[in-house]
There are 4 protein chains.
Amino acid sequence: MKAAIIGSTGYGGAELIRIIQNHPHLKLGMLVSTSQEGPIAKIYPHLSHLAASLEGLDLDQLCERNDLIFLATPPGVSREWTPLLAERGKIVIDLSGDFRLDRPEVYQKWYKQEAAPVEWLKRAAYGLSEWYASEIKKAQIISNPGCYPTATLLALLPLLQNKMLDVSSIIIDAKSGVTGAGRSLRQNLLFTEVNENLAPYKVDGHQHIPEIERFASQAAGEEVHVNFIPHLIPMSRGILVTIYAKRVSSSYTTADFLNIYRETYQNAPFVRLQENLWPETKHVRGSNYCDISCHVDERTDRVIVLSVIDNLMKGAAGQAVQNANLRMGWPETAGLEFSPLFP
Amino acid sequence: MKAAIIGSTGYGGAELIRIIQNHPHLKLGMLVSTSQEGPIAKIYPHLSHLAASLEGLDLDQLCERNDLIFLATPPGVSREWTPLLAERGKIVIDLSGDFRLDRPEVYQKWYKQEAAPVEWLKRAAYGLSEWYASEIKKAQIISNPGCYPTATLLALLPLLQNKMLDVSSIIIDAKSGVTGAGRSLRQNLLFTEVNENLAPYKVDGHQHIPEIERFASQAAGEEVHVNFIPHLIPMSRGILVTIYAKRVSSSYTTADFLNIYRETYQNAPFVRLQENLWPETKHVRGSNYCDISCHVDERTDRVIVLSVIDNLMKGAAGQAVQNANLRMGWPETAGLEFSPLFP
Amino acid sequence: MKAAIIGSTGYGGAELIRIIQNHPHLKLGMLVSTSQEGPIAKIYPHLSHLAASLEGLDLDQLCERNDLIFLATPPGVSREWTPLLAERGKIVIDLSGDFRLDRPEVYQKWYKQEAAPVEWLKRAAYGLSEWYASEIKKAQIISNPGCYPTATLLALLPLLQNKMLDVSSIIIDAKSGVTGAGRSLRQNLLFTEVNENLAPYKVDGHQHIPEIERFASQAAGEEVHVNFIPHLIPMSRGILVTIYAKRVSSSYTTADFLNIYRETYQNAPFVRLQENLWPETKHVRGSNYCDISCHVDERTDRVIVLSVIDNLMKGAAGQAVQNANLRMGWPETAGLEFSPLFP
Amino acid sequence: MKAAIIGSTGYGGAELIRIIQNHPHLKLGMLVSTSQEGPIAKIYPHLSHLAASLEGLDLDQLCERNDLIFLATPPGVSREWTPLLAERGKIVIDLSGDFRLDRPEVYQKWYKQEAAPVEWLKRAAYGLSEWYASEIKKAQIISNPGCYPTATLLALLPLLQNKMLDVSSIIIDAKSGVTGAGRSLRQNLLFTEVNENLAPYKVDGHQHIPEIERFASQAAGEEVHVNFIPHLIPMSRGILVTIYAKRVSSSYTTADFLNIYRETYQNAPFVRLQENLWPETKHVRGSNYCDISCHVDERTDRVIVLSVIDNLMKGAAGQAVQNANLRMGWPETAGLEFSPLFP
């Protein structure tokens with residue numbers, strides 16, 4: 001099967017190329033860019049061994065020559081193109097935020113732009129692979145989760161679903177490497193500004209909050225509001241979320257929480273429960289793994305959950321391919337079995 | 001006046017040398033090391049322009065040739081030496097944790113070793129310069145605060161003293177550069193392990209917790225327990241604490257909190273209130289400044305406070321010299337007026 | 001076929017595990033360590049998804065349960081173990097320096113320790129895959145090249161063999177990431193010392209010099225002596241060598257040099273010639289590629305050649321597997337076809 | 001005396017502010033920017049403790065309110081403004097490249113733009129403080145050297161003046177931190193691109209070559225051509241040049257070369273000769289020092305010289321203030337006596 005990538009020149013697009021190139025069931029199809037042209041090696045010299053070239057956005061070509069379409073585009077692009085592609089029968093996996101919220105007014109509030117038509121929003125399956133596999137397996141549009149929501153929800157959902165947390169007490173202190181901001185030219189992303197620096201940002205509201213709250217509320221069976229503060233870390237890849245929440249019963253121990261995770265993820269090939277150590281971003285770098293651990297602080301009656309992913313992999317391209325595997329009926333791990341790059 | 005440094009070969013000691021060398025009222029006295037000898041330039045080639053050499057620990061020499069003694073030593077050393085020096089009439093500024101807790105059993109629980117005699121613990125002034133200046137000005141022993149407690153307490157105390165927070169709701173997510181761990185040879189401190197990595201540590205309890213709780217409780221007038229989770233950031237210097245707490249009244253706005261800070265620190269030369277941007281560690285690197293900002297999240301009724309310092313400066317050597325200035329009656333900023341090194 | 005790794009806890013060993021785990025024809029056999037025991041996930045949490053455990057060094061077990069033996073050990077270990085394994089009929093790929101020099105006295109001079117017996121030195125094929133494939137294909141002992149010699153010789157040999165350089169004029173300014181120094185606890189390898197630093201080292205002689213000169217001389221047909229100065233770069237992986245040499249004829253243009261490279265490496269899947277850009281280490285990070293480019297400076301009559309590799313891949317584990325592929329008659333690229341990890 | 005800075009928003013300008021703010025004889029005058037306005041704290045939050053604001057470029061204001069003018073501007077600006085300021089009697093210290101070459105055609109060839117009028121080029125003193133102090137002391141225009149030429153010439157000139165090198169054999173392999181490229185928005189300067197990367201650049205010609213050759217030739221008394229290849233290092237500050245050259249006599253030892261440096265720089269407060277260790281950039285970071293060491297390789301008859309500076313200090317703002325000190329008759333070290341920031 002041939003997979004096209006719209007938005008091939010961003011980091012998410014480059015990561016999709018890296019994965020698909022070695023996938024047992026997928027071949028690279030069209031590499032689409034609206035901003036640049038020429039051989040992919042000109043844009044990404046690390047891909048000099050590939051012969052592929054960038055092409056413009058052409059709906060007919062896309063539909064004729066490709067079976068699966070990945071969109072790794074800025075907000076607002078997928079909203080327009082996904083319906084066109086879906087109407088022509090293509091399976092679309094959208095890595096942007098355009099189809100993650102089902103209520104247009106919420107999208108508009110947080111993304112500060114027009115939402116996709118509500119009927120299309122309703123048709124998208126949310127691509128958190130470990131939780132929505134049955135929807136993903138039959139969806140025509142798969143909305144790949146945001147990087148922060150992936151790390152957060154994999155850690156939160158088991159505890160919410162099992163009613164172990166006071167839902168009004170959830171605080172998510174999130175830390176991300178710089179690829180989360182893409183390849184855009186902004187002064188605060190220059191090496192000289194990021195290196196030897198640690199910077200909180202969007203303290204007054206990040207667009208991943210409604211996405212987290214939507215699925216957290218669904219799992220909890222009641223409305224959940226969270227604090228979510230992201231921080232920019234001087235590294236290229238990796239997300240760590242440190243989650244703080246009150247346990248509902250002071251009889252719950254660390255072991256109880258670990259057991260819930262163990263049960264929930266016993267058949268999840270990419271979630272690794274860590275029991276004797278705390279997760280670190282480098283333990284998952286370049287891979288599709290999510291490492292989770294937790295600790296109950298008896299002094300304050302809170303549980304602290306730690307969850308790490310590679311934001312470009314499980315937080316973007318890796319999970320997108322995992323979803324393609326689910327959708328196509330291939331082994332969930334196809335093309336994703338490689339280990340993290342350490343150190 | 002001559003200042004001796006015991007523990008000259010650690011990063012805190014080197015930073016003291018850097019400051020004292022340019023201080024208008026202090027001269028470098030004995031540079032003491034128990035582990036190494038020879039010219040300081042051999043240990044720290046960046047100090048090649050200084051002629052000073054390391055000397056062994058000799059009580060008589062220390063007392064005869066120096067007026068002020070800084071201890072930048074591992075836990076357990078100051079406990080023994082500070083009483084000896086104080087009995088001989090020397091003013092001691094201790095950068096270790098040995099005199100920060102007034103109850104020996106608490107010290108023993110968190111530091112896993114014997115505490116200093118309780119009568120000596122009681123005689124030490126806590127050197128958080130902006131809060132305990134009157135005690136510092138007459139103390140013979142000044143116990144310099146820990147790096148994390150400095151960043152945390154400067155942010156918390158104004159709000160606790162003014163009864164603006166639910167004291168059961170305080171969560172401190174702390175992030176530190178690697179110099180916080182000193183110059184010791186540990187595998188997890190190797191460049192190859194730290195670089196491109198983000199690692200939580202001591203999730204089950206850090207020895208700075210009782211120090212924070214001691215002074216937070218004192219300011220609040222009631223017992224305070226906090227969650228405090230530290231993280232190792234791939235940078236050399238800098239601490240950021242992100243503090244989350246419930247406001248006691250939902251009428252308190254961001255402006256109200258900022259006003260409290262403004263009033264509290266109007267005469268504090270090293271606390272800079274940031275109103276239109278979030279503090280970043282690089283804005284204070286190499287300097288004695290602490291930058292603070294805050295934001296009220298109306299959705300969750302919590303205030304988020306951000307506080308940054310350079311852990312080796314305001315978090316160690318810089319505040320130690322600030323305390324020396326206070327104690328000697330010199331201008332509080334003497335020798336500390338230089339700007340951060342940026343970028 | 002099963003491959004054992006002796007020295008599994010170093011970075012080279014970990015990289016071998018990463019590659020072999022996904023190799024189409026190899027399976028992980030014994031993971032040997034003399035210093036540590038227990039599950040590999042305890043030493044390397046990034047490998048938590050693997051069930052493998054470390055075992056002690058046992059000759060019988062090694063020979064019974066494994067077909068191929070990789071040694072990723074410090075100098076002096078392979079010297080003793082390689083003959084024992086070879087005598088039992090095992091194919092040995094040695095990543096250490098013990099079999100790279102054919103004259104024991106040269107080894108002793110540069111490595112400051114006893115050499116392997118000369119008859120064994122003579123039996124080892126030098127594993128620079130692109131140049132010694134015919135020897136490698138029939139060797140029982142393959143001596144995998146050093147990281148610096150790999151980057152250097154791939155750039156130098158084509159020009160020396162074609163008599164294009166003044167052999168007395170060769171200067172190699174080499175730069176390496178910190179993994180080149182392994183996982184050992186040394187103060188100069190701490191994050192705090194390496195970060196924001198650039199350090200030349202072994203200016204008075206590095207043990208890779210005789211290795212470079214041995215094979216450079218062989219290709220040139222005359223004795224070659226080079227200047228070689230290595231520098232430690234604040235990054236984890238990657239080597240760049242900047243080579244300066246006089247061209248023998250001032251009629252040779254940049255295009256002439258590029259042509260020689262193009263001809264030499266037309267069938268070499270891992271050498272990528274770069275014509276319109278200068279090689280950067282990140283373009284090959286995590287992969288087995290070597291990128292080469294060059295430029296003639298007419299003003300000084302010198303050619304400058306730039307060559308980059310990932311020191312743990314083409315400079316160690318990657319080339320070792322490439323050699324295993326050659327030796328076994330598998331496709332040269334088996335298990336090594338993945339792209340660099342960027343960014 | 002009041003010092004104005006034209007080009008206050010670049011890193012060189014910010015560094016001048018940092019130094020002048022603590023200078024015993026200088027006060028901050030006008031901070032000029034043509035691109036931005038408002039308080040300096042808005043552009044550089046690390047300077048939040050300063051009340052200064054940016055002003056537009058106004059010749060009358062500049063001349064009325066300031067005694068000394070520093071220009072830290074891109075190429076082409078100083079060419080126009082320096083003559084205007086000099087004609088009004090102001091002392092100008094130009095940190096750009098506009099007055100470093102005395103022949104307009106050479107400037108035009110390497111800078112790809114029009115040169116300043118030749119009569120003005122002739123009036124500028126070259127501000128390599130240790131070598132041209134007598135000219136600097138009476139100059140109205142001081143042309144501050146480039147960062148690479150500073151590190152290179154301090155290492156080369158003593159050996160050239162003493163005829164110890166074969167002038168046709170000089171190779172300069174130069175490495176720089178990223179601040180050398182300024183604060184401009186370019187993709188190759190993003191953190192994600194620079195971090196974990198090592199990149200040669202301008203391999204076919206860097207504009208600092210004619211500056212190096214001009215003063216090297218002058219010292220040698222004959223025309224000198226050099227190879228000079230710069231590399232971008234993943235760090236913010238620091239330059240290391242590794243210089244390779246043939247000694248003219250094989251009787252010259254390392255000690256002989258060190259003696260020449262010792263004699264040459266015996267009264268130079270900012271040049272530190274290192275004899276038992278190799279210079280590292282971190283040893284001078286944030287300071288005005290230049291550390292130099294060397295080694296003779298008997299095998300190849302070459303001397304290797306290593307020289308490090310902080311590119312923003314001795315390579316820009318620090319040396320500019322050193323020149324102001326010389327020009328004004330103040331102690332050469334005034335305002336520059338602080339130690340490097342380590343680590």
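Throughout, a chain's letter reflects where its sequence line sits, starting with A, and its residues are numbered from 1.
- Here Thr281(D) pairs with Asn197(C), Leu198(C), Met235(D), Leu240(D), Val308(D) under the side-chain contact (heavy atoms from CB on, under 4.5 Å) rule; sequence neighbours left out.
- In this structure, CZ in Arg183(D) is found 8.0 Å from CG in Leu190(A), a value given to the nearest 0.5 Å.
- At a threshold of 4.5 Å between non-hydrogen side-chain atoms, the residues Gln187(D) and Leu185(A) count as touching.
- How far CG of Leu189(A) is from CG of Leu189(D): 12.0 Å, rounded to the nearest 0.5 Å.
- Contacts between residues 36-52 of chain A and chain D, counted as heavy-atom pairs separated by less than 4.5 Å, involve no residue at all.
- If you run side chain to side chain contact (heavy atoms under 4.5 Å, CB included) between Phe191(D) and each of Thr179(A), Leu232(A), Val194(A), only Val194(A) comes through.
- Judged as a salt bridge (Lys or Arg N to Asp or Glu O under 4.0 Å), and not counting sequence neighbours, the contacts of Glu211(D) are Arg100(D).
- With sequence neighbours left out, Tyr11(D) forms a side chain to side chain donor-acceptor pair (under 3.5 Å) with Thr192(A), Glu193(A).
- Neither the backbone nor the side chain of Arg237(D) comes within contact range of chain A, judged by heavy atoms closer than 4.5 Å.
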